[in-house]
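Every number for a ligand or one of its atoms is a count from 1 in the order of the listing.
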Amino acid sequence: MTLSFLGAAGTVTGSKFLLEADDHRILVDAGLFQGEAAWRRRNWEPPPLDPSTVDAVVLTHAHLDHCGYLPVLAREGFAGQVICTADTARLAEIVLRDAAHLQEEEARWVRSTGLSKHERPRPLFDSADAEQAIALFRPVVRHQVIPLGGEFSAELFRAGHILGSSFAAITRGSTRLVFSGDLGRTDHPLLRAPEHPGRADHFVVESTYGSRQHHGHGGDELAGALDRTLRRGGVALLPAFAVDRTPMVLHEIQRLIRTGKVPDVPVYVDSPMALSALRVYQAALTATDTDFRDEAASDPEPFDPGKLQLVAGTEESRKLNDPSHPCILVSASGMATGGRVLHHLEHQLPLQRNSVVLTGYQVAGTRGRLLADGARSVKIHGRYIPVRAEIVNVQGFSAHADATQMIDWLRPSPPPRTVFVVHGEPHSAEALATRLREELAWNAVVPGYQEKVLVD
Ligand SMILES: [Zn+2]
C-alpha cells in the first residue's frame with residue numbers, strides 16, 4: 001500500500017492524500033490550493049491522478065482547502081462516493097455552491113474589465129461541476145466502519161475543528177492509518193474537544209500552528225479592538241470565514257455585549273453563505289450526539305448578540321458602505337480573497353476611525369495576510385486602496401490545535417511506525433516534527449509535495 005502527498009505538503013492548503021493498493025484508490029480530502037500564486041496555479045494543472053480510478057473520497061470537513069477540488073474531480077470523471085458526516089455534507093454544499101458562484105462572477109468581471117492576461121478567463125469550476133460533486137456526498141455517522149472498495153474501510157471520529165469535522169481512520173488488513181484532518185483545540189468555546197485517536201501504524205497530522213502556542217481565547221483582544229473602534233465612532237469590519245468563524249465570532253460578541261465590555265451596537269452579518277451556514281449551526285445545536293458543548297446547546301440564541309441584522313440582498317449590503325452609526329460588520333471571506341467583504345474593505349479601509357479585525361489564520365499570499373503584515377495599500381477590484389483603518393489580528397480565535405495540544409492528543413497512543421507532519425508552512429511542520437521526535441521519540445517526517453511512501 002502506498003501513500004502519496006498530493007497537497008498540504010510544504011503549505012497549509014490543498015489537502016489531498018492518496019492511498020493505493022491492488023488497483024484501488026482512496027483519497028483523503030480533495031482540497032483547493034489557496035494563497036501564493038505558485039500554489040494556486042496547481043489547481044489548474046491536470047489532476048495528479050486519474051479521477052475515474054478513485055474508489056472513494058473520505059472528506060474530513062467542509063473548508064475549501066479540504067473539499068474545494070471535488071468539483072474538478074467530478075467533472076474529470078470521479079464518480080465514487082464522498083464519505084463524510086451529515087453536517088460536513090450540509091456545509092460543504094454551501095461552500096462549493098458559493099465558490100462556484102464567486103468564480104463565475106469573477107470570470108465575468110475580469111472579462112468585462114479586460115484586466116485578465118487570458119483571452120477567455122473562466123472559472124476553475126462552475127455551478128454544474130459543484131452540483132455534480134454534491135450529488136456524490138454520502139453522509140455517514142461517526143464510529144461506523146464504512147467499506148470503501150478493495151480491502152479499504154474508513155471510520156470517522158469527532159475532530160472538534162468546525163461543525164461536522166472529523167478525523168479519519170483508514171484501515172486495510174491489519175494496517176491502520178489515522179489522518180487528523182484539521183484538529184480542533186480542546187478549549188473551543190462552542191465545540192466539544194476532539195476524540196482520542198487510539199492506535200495507528202501511521203499518523204498523518206496537521207501542523208498549522210506547529211510552531212506556536214495559543215494564549216487564551218481572543219476575547220480580550222477582540223473586546224479591546226471593538227471598544228476602541230466603536231467609541232471613536234467607527235465601523236469594526238470583521239472578515240470571517242462563513243463556515244464556523246461567523247457563528248464563533250457572533251457567540252463571542254454576544255458574550256462581550258452581555259458583560260458590558262463592548263457597547264450594544266447593531267451587528268450586521270453580510271454574507272449569504274454565512275447566513276446559510278448559521279442555519280446549519282442552529283439546527284445542529286439540538287441534534288442527538290451534537291458536536292456542541294452543553295453550554296452552547298442549552299442557550300436558545302447562542303449566535304445572536306442582541307441587535308443582530310442579517311443582510312441578504314445586495315442593495316442592503318451596499319447601504320452598509322456608508323453606515324450612519326458605529327457598528328460591527330461581519331462579512332466573508334475570512335482571508336479577504338473574495339466575497340462581499342471586498343467592497344466593505346474598499347469603503348472602510350481608507351478611514352482612520354475604522355478597524356479591520358482579522359479573526360482567523362491568514363494564508364501567505366492572501367489580502368488578509370498582507371493586511372496582517374502591515375501593508376499600506378491593498379489591491380481590490382483592480383485598484384489600490386489605502387490602508388488607514390486600524391488593523392487588528394486576533395490570534396486567539398484559531399480553530400486549530402496548537403503544537404502542545406497536538407502532542408497531547410497523540411501522546412497516549414502507542415508509538416506508530418511513522419508520523420507524517422503535513423498541512424503547515426515549512427517552518428511549522430519542521431517545528432512540530434522536531435518536538436514529536438524529542439518529546440515522544442516518534443519517527444516524525446515532513447513529506448515533500450507529491451512524495452510517495454510505502455505504508456504496509
Ligand atoms: Zn479547516
Could you check, using the six-membered ring where one of them is a Trp, whether Tyr69 and Phe125 have ring centers closer than 6.0 angstrom? no

Name the orientation class of the two ring planes belonging to Phe420 and Phe5 (parallel below 30°, tilted from 30 to 60°, perpendicular beyond 60°). tilted

Asp291/Arg142 salt bridge by N-O under 4.0 Å criterion: yes

Is the positively charged end of Arg42 above the ring of Trp39, judged by distance under 6.0 angstrom from the centroid and angle within 45° of the axis? yes

State which residues pass side-chain contact (heavy atoms from CB on, under 4.5 Å) with Ala277; sequence neighbours excluded, sorted by chain then number. Leu91, Val243

Could you enumerate the protein N, O or S atoms under 2.8 Å from the Zn ion (ligand 1), written like residue then atom name? His61 NE2, His63 ND1, His161 NE2, Asp182 OD2

Using the six-membered ring wherever Trp is involved, compare the ring planes of His61 and His66 and label them parallel, tilted or perpendicular (cut-offs 30° and 60°). tilted

